[in-house]
Amino acid sequence: MAYETILCEKDGAIATVTINRPKVLNALNPQVIAELGQVFAELKQDGEVKVVILTGAGDKAFVAGADISAMRDMNPVQARNFSRSLQEVTCLMEDLGKPIIASVNGFALGGGTEMALACDFIYASETAKFGQPEINLGVVPGAGGTQRLSRLVGKNWAKELCYTGDIIDVQLAKEIGLVNRVFPVDDLKDAVLKTAKKIASKGRVSMRACKELIHFGFDLPLDHALRLEAEAFGTCFASPDQKEGMSAFLEKRKADFKGEA
Ligand code: CO8
């Protein structure tokens, strides 16, 4: 499908989604959000794609937030619906059944930090910057900034970021656990691709189960989540990938996973 505000490039099992409005630092307007919803719905069904990379066009920003010119004159109902529209995209990303790596190559502010938080983990360049500056606009984060951020980095850091609106550099973002790894600007793309390829070489069945167990199990009581883990462990044995993975180990060869999930 043709998109106007995003790009979706597929290279074998890896799809790269690029938010493509560099003149406004890839700000999220209703069209971007609608197109992101469509592309993730397509990628969810795409049997070829095993890993998704999400990034922003240009060398300045991942996403500098929701589009302020699109929001300024909204009424409360429109604003609530706008917030829900991006929340629904982020929930779809978490329910994709395949990992999404955020490749953050500059500003990730407001809705940008929130999009990155809905990915499975964040790799960032040394120039990346994060923040929830909504407080400076007289609003609150609206796409998970008060919720996913506090679940990931703890309530105290989430409160400091949401209350001050400060933009933090990548070193602090890594220190508080928001970012997994930091790379020189010119190395980020290759580093993300290398990890994406490694993940794509694993089995779909166990990858999907891992994502769902960690994501959906996280907020459950431990004994419930452990039972889900044991069920998923058992279900893996119904997949050809389990026989292939274990046989490959015993036969001292590389596994070739073909199971469908
Ligand atoms: N919305 C609209 N336009 C933007 C945005 C934005 N979020 N960010 C940057 N732009 C535009 C600028 O207006 C400018 O346009 P023009 O060239 O026409 O003047 C262009 O991008 C380049 O930006 P700057 O000239 O400002 O570049 P600087 O290097 O001077 O500054 C900053 C870069 C610091 C990133 C600065 O642009 C900035 O502060 N941007 C706004 C950041 C912000 O407040 N983000 C939060 C927005 S609110 C939000 O995300 C709520 C999320 C709720 C989600 C639910 C709804 C979907």
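Indexing begins at 1, ligand by ligand and atom by atom, following the structure's order. Keep in mind that what you see is a predicted model, and the values were worked out from it rather than measured. The chain is numbered in sequence order, starting from 1.
Applying the ring pair (Phe, Tyr, Trp, His ring centres under 6.0 Å) test to every pair with at least one member in residues 46-101, sequence neighbours left out, gives no pairs at all. Residues in residues 93-115 take part in these salt bridge (charged side-chain N to carboxylate O under 4.0 Å, His left out) pairs, two or more places apart or across chains: K44-D95, E94-R148.
No more than 12 heavy atoms of other residues, nucleotides or ligands lie within 6.0 Å of CZ in F233, so this atom counts as exposed by the packing criterion.
Protein residues lining ligand 1, listed by chain and number: K23, V24, L25, A27, I33, K60, A64, G65, A66, D67, I68, M71, F82, S83, L86, F107, L109, G110, G111, E114, P133, E134, L137, G142, A143 [non-hydrogen atoms, distance under 4.0 Å].
Applying the side-chain hydrogen bond (donor to acceptor under 3.5 Å, both in side chains) criterion to E4, with sequence neighbours excluded, gives Q31.
Paired with C119 under the rule side-chain contact (heavy atoms from CB on, under 4.5 Å), one option of V104, L96, I100 passes, and it is I100.
Between the CG atom in D169 and the NZ atom in K174 there is a gap of 12.5 Å [rounded to 0.5 Å].
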